[in-house]
Peer 1: 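If you scroll down you'll find the structure; I have some questions about it.
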Amino acid sequence: MGYQATIEKQGMWAIFDIKGDASVAAKRIAPLGLSLPASTNTAKAKDGQHLCWIGEDHWLLLAPAEMENKLLERLDLHHSSLDCRIVHVSDAYTLFTVTGQQADDILAIASPLDTRRKHFPDDGAAYTEFFGIRGLVLRWPDGYLAAVERSYADMISAYFDKISTGSR
Amino acid sequence: MTHNPFRNETGGRIDRNSPVGFEFNGRIYAGYDGDTLASALLANGVFLTARSFKYHRPRGVMGAGVEEPSCLVELLGADAGGNHAATTVRLQPGLRAKSVNCWPSPNFDLMSINQLFARFLPAGFYYKTFMWPNWHLFEPSIRRAAGLAAAPDDKIPGQHFETRYWYGDVLVVGGGPCGLLAALIASRSGARVMIVDDHPHPGGYLRASQTEIDGKPAMEWVAAVIAELDTNPEVTRLQDATAWGYRENNLLMITERSPAESHVFQRGWKARAGQVILATGAIERNLVFTNNDLPGIMLASAVQTYLHEFGVMPGRRVMIFANNSSAYALAHDLQADDLQAAGTAIAGIIDSRPADAIGAEKDGLEIPIYTAHQVTAAHGGKHLRALSIRADDGNIKRVDCDLLAVSGGWNPAVHLFSQARGTLAYDDELASFVPDKAAQRLACVGAAAGQMNLASALADTISTITASLGEDGFESPAFTMPISAASPDYHLHPLWHVDGMKPGDKAFVDIQNDVTLDDIGLAMREGFDTVEHVKRYTTAGMGIDQGKTGNVNVIGNIAEASAKSPGDIGTTTFRSPFTPVDFGSIAGHRNGATVLPFRHTPITQWNRDHGAVMYEAGARWQRPGYFPIEGGDMQDAINAEAEAVRYGVGVYDGSPLGKFDISGRDAAAFIDLLYTNDFGDLEIGMGRYGIMLTDDGMILDDGVTFKLADNHYLMSTSTGFADLVYRHMDYLLQVECPGWQVWITPVTSQWCNATICGPNARDVVEALGTSIDISNEAFPFMAMRDGIVADMPARICRVSFTGEVSFEINVWPRHAEAMWRRIMEIGAPFGIVPVGSETSHVLRVEKGFLSLGHEVDATADPYDLGIGWIMSRTKTHAIGRRSVDIRRSSGKPRRELVGLIPETNGELVPEGAPITPNGERVASEGFVSACVWSVVNKQVIALGLLTNGRARIGETIIIRDQERMIKAVVTKPCFHDPKGERLRG
């Protein structure tokens, strides 16, 4: 029954929503050792941090929870610059990993994202939808990392349970 | 060995070592694994399987696949489901089925009495009858009589539906020779390929033919191709799957009925390909003559299928009636020695074509061929017994037979092509419609493209697929052209109906919906003479089979009657689904608890644990409606909560309120644009209530926006309209103000809030322990402060939706549950109670606060609602301002917000109940927008919109509740603390 894949709800991550002029944004994140991704819908990774280019003048930074305080300090959310706004949104998302031999099948059920390598490369990061709800997808070792709005987490979990267990 | 009197000793692809028992109309029969229900019934000699839709005429199996028009069954038990063509139901152990549209059985159907009244039941009779005295008198009976099978009552255990997406380079629809060849070539070129075939086994028409490819039986070639496709990881092969819909940008909807995964009952695919190859074949059509619907009359191709696929010979004395060459293949098959030895006799071929039109197809046949003859009528009661055939000179003779194989020609299956917005052209040689110009990246091959000769169809397939692969940069792979055995050319003379029929003869053009040739004539005489009108007037083509065997005959007969070409008549619109699909395969996992999206807050589980009655209260959020109390009903619970808030303290979860972080160089100007009131003088750390209007001056949303810093705001919106407001703001920045620098970040789920409200609210917050000075002097109404509450970082906002002192304790969701529990613990000595949405509604009605969807109903502007003060007199550029002014400049009376005190002895008045002058049944002058029991007034109160309401304070008006008239006194729309002293305290 079900698919040969593991779907795991993750604990908290440190997440920041970055909007603004690219050059200003680049300076703001430089202290993290990160640079902006060169291509749209891709992510740059360093030291566990993942900076995803998800829209025009729009990035999402994901990092392990233990880095949150350091990031809150370094990103200076009360910076006076009006050309770039960084908003703390760690609690607004719930993350899931989908890994295993049939992770692609799970994604094909959950999301309309075209995960062929030529369209979603190894550093792919895109906003798509899961079961009709907007969400972020990154390539992950042996599968994918998905982030959905926290309020829908129980619904997404219920869907993932149905797929993986074959229950109704 | 299973006793099947019409099963040949040998032949067919059924597994004779696996007998399968099944039940049909309460009787037990046996077939074999590999049978369909139809083939098993025929093998058992069950020919009368159904009654027709309107006339309840005896009907039997006519086709062998999805084209079947007659034999619909309802499945019972574990497979319960209605209106399946018996030709598509795979025989499985324990299958239980029954005929539809007959009672008690097809053999003895009480409703066959309709045949006596047939002349009174032509097409469209219901437009002319059942009128007097009133249609509604007849409606219940007609509804009971209408329809076919019943929908299943219960969820079938084990039925698990799934939907998924697929993307690739080439999608081939059709698993016949051309589809297989296209998929093979595409797969060898390195393309990602999907091939979809609606039959349980691949091969298409080759399964029913004796043709050879590369010198061997064609099915061996099929097996070799399948073996190669199945070893290619870039090939997805779906068997027993129907591509039923063609959407935009090469998106195809597919239902897979037998997925490999055992836990999946059916799978719905949304497949998108760079190139689509439609190898959907062709569908044989019927011929139109009197009583052409009798059991024992079948499509010639169907007889071949039953013979070769299932080893069934559904008749002993066979005649063939055709207007084309293809049916002769059946005649050759029936000449086989073993069939004749088994007692099958082919009595002859009735060919409507003249002798000189008949070519090599007749070579080798040793049976009578009646050229230039037509079947004028079939004879028999519940089964075919004889035919009347007419020669060119008009002589009619009678021929006995129990099986008539008919072939009126072949229609390319252009359904998907047409759904893809491709245009069709009429082909005179085929007397059918073929694909003309494609509107998307697709190509038709084989019979679907009108190629009726296998060799030329294969050659055409190769050139088509290699060309399209080349366009996409794929190399042409190595392959060997399959060589098919030579076959006679396809040749046809159109015959839309036989000659010499009389009015009243039951000659069917649409078998499933009982549409006769007479009905076509009637429709045209009554002015419904276009193909779309004929369809709707007669219902031809509107059945479950969608007229697969009859539509082109309908068109041909319209053309003949109007002296036009069928090409000039055209086709009706091809709509999906191509064949019926289960709703489950479309819905996939959207069932049960996930049938609709739902959202939770961190307090949802606590609410459930404490017995809250939960339901959706805006934007998919599950919220507590109320918390039941022991010994009390819903109203008691609401009253208790409301009294707590008014006289003590309550707390509610306000987390779902929409919240947006807005900043940027033009943020202040943007806020000013959005709201009707002035935000320019708002101080940092303060908030202001604002109204947003749409372009046409109607209220879009209301909420409080706080100023966090210069050009930095935190906007709150209503729960239900948060998404709409976000889209509105996004639209403005993209379209109306593209040069503005404004950054909007939704933070609805980044902040949760527990709103402590009531006279004792401040005491509870102090008891929680906070670093914030919450005195009224230091922390006035509409202020916001950041600090620590209950040892957790928090942001407190002093807003009030209840009319009492309120402190919104905002924390990150990671702290929300802990904060909530702490509030309940600390608040216990103060008698704190959790408050649900029902109580919130009561409290806001007592205050006369607005609610979107109640008073804010897209007809009332701020002036109507008594908040004209919110329309800045100095700021005229806010969205919607101009529209409000224009609308009001007409001076016409407006509906205005008022309070109402209904005389109901405590009974609530339904929201939406109209207010009419003197209670008369005339146009309303207003309506009740909200009605509640007021705990502070100890009576029922209401809000409403009333024409010139503010000028009618003190007047008694009449509310209509169905036929009941309720008097109500008009008051000001505030029933508690009109000066707002409590919430500012």
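All values reported here derive from a predicted model rather than from experimental measurement. By convention in this document, chain letters (A, B, ...) are assigned in the order of the sequence lines, proteins followed by strands, and residues within each chain are numbered from 1.
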Peer 1: Atom CD of residue position Glu248(B) - does it have more than 12 heavy atoms of other residues, nucleotides or ligands inside 6.0 Å?
Peer 2: yes

Peer 1: Are the side chains of Trp743(B) and Asp17(A) in touch, meaning some heavy atoms are under 4.5 Å apart?
Peer 2: no

Peer 1: I want to check something: taking the side chain as every heavy atom from C-beta on, are Ser90(A) and Arg814(B) in contact at a cut-off of under 4.5 Å?
Peer 2: yes

Peer 1: If you compare all heavy atoms of Leu82(A) against all heavy atoms of Gln741(B), which two are closest, and at what distance to 0.1 Å?
Peer 2: O-OE1, 2.8 Å

Peer 1: Do you know which of Cys84(A), Ser80(A), Gly20(A) has the most heavy-atom pairs with chain B at a distance under 4.5 angstrom?
Peer 2: Gly20(A)

Peer 1: Trp269(B) versus chain A, heavy atoms under 4.5 Å apart: side chain, backbone, both or neither?
Peer 2: neither

Peer 1: At their closest point, which heavy atom of Phe598(B) faces which heavy atom of Tyr152(A), and how far apart are they?
Peer 2: O-CD2, 3.5 Å

Peer 1: More than 12 heavy atoms of other residues, nucleotides or ligands under 6.0 Å from OH of Tyr615(B): is that the case?
Peer 2: yes

Peer 1: Could you tell me which portion of Leu708(B) (side chain, backbone, both or neither) has an atom closer than 4.5 angstrom to a non-hydrogen atom of chain A?
Peer 2: neither

Peer 1: Is chain A contacted by the side chain of Thr594(B), its backbone, both, or neither, given a heavy-atom distance below 4.5 Å?
Peer 2: both

Peer 1: Tell me every residue that passes side chain to side chain donor-acceptor pair (under 3.5 Å) with Ser585(B), counting only those two or more places apart in sequence or in another chain.
Peer 2: Thr255(B)

Peer 1: Taking the side chain as everything from C-beta on, heavy atoms only, tell me whether Tyr3(A) gets closer than 4.5 Å to His263(B).
Peer 2: yes

Peer 1: Among His600(B), Arg272(B), Arg590(B), Lys270(B), single out the residue with the greatest number of heavy-atom pairs under 4.5 Å to chain A.
Peer 2: His600(B)

Peer 1: Determine, step by step, whether His78(A) and His712(B) satisfy the side chain to side chain contact (heavy atoms under 4.5 Å, CB included) criterion, reporting the C-alpha distance in whole Å, the side-chain angles of both residues, the deciding distance to 0.1 Å, and the verdict.
Peer 2: CA-CA 10 Å; His78(A) 299 292; His712(B) 187 193; 5.8 Å; no

Peer 1: Is it the side chain or the backbone of Arg192(B) that comes within 4.5 Å of chain A heavy atoms, both, or neither?
Peer 2: side chain

Peer 1: For the pair Asn591(B) and Lys162(A), evaluate side chain to side chain contact (heavy atoms under 4.5 Å, CB included) and give the outcome as yes or no after the intermediate values.
Peer 2: CA-CA 10 Å; Asn591(B) 53 55; Lys162(A) 282 189 179 182; 2.7 Å; yes

Peer 1: Enumerate by number any residue of residues 100-128 of chain A whose heavy atoms lie under 4.5 Å from heavy atoms of chain B; in the absence of such residues, state 'none'.
Peer 2: Asp105(A), Ala108(A), Ile109(A), Ser111(A), Pro112(A), Leu113(A), Asp114(A), Arg116(A), Lys118(A)

Peer 1: Among His88(A), Arg85(A), Lys19(A), exactly one meets side-chain hydrogen bond (donor to acceptor under 3.5 Å, both in side chains) together with Asp661(B). Which residue is that?
Peer 2: Arg85(A)

Peer 1: Determine the sole option in Cys752(B), Ser655(B), Ser749(B) for which the side-chain contact (heavy atoms from CB on, under 4.5 Å) test with Ser151(A) is passed.
Peer 2: Ser749(B)

Peer 1: Looking at Val87(A), Ile133(A), Ile156(A), which has the largest count of heavy-atom pairs under 4.5 Å with chain B?
Peer 2: Val87(A)

Peer 1: Between atom CD1 of Ile15(A) and atom CD of Gln750(B), what is the distance when rounded to the nearest 0.5 Å?
Peer 2: 9.0 Å

Peer 1: Name the option with the most non-hydrogen atom pairs under 4.5 Å to chain B; the candidates are Phe131(A), Tyr159(A), Tyr93(A).
Peer 2: Tyr159(A)

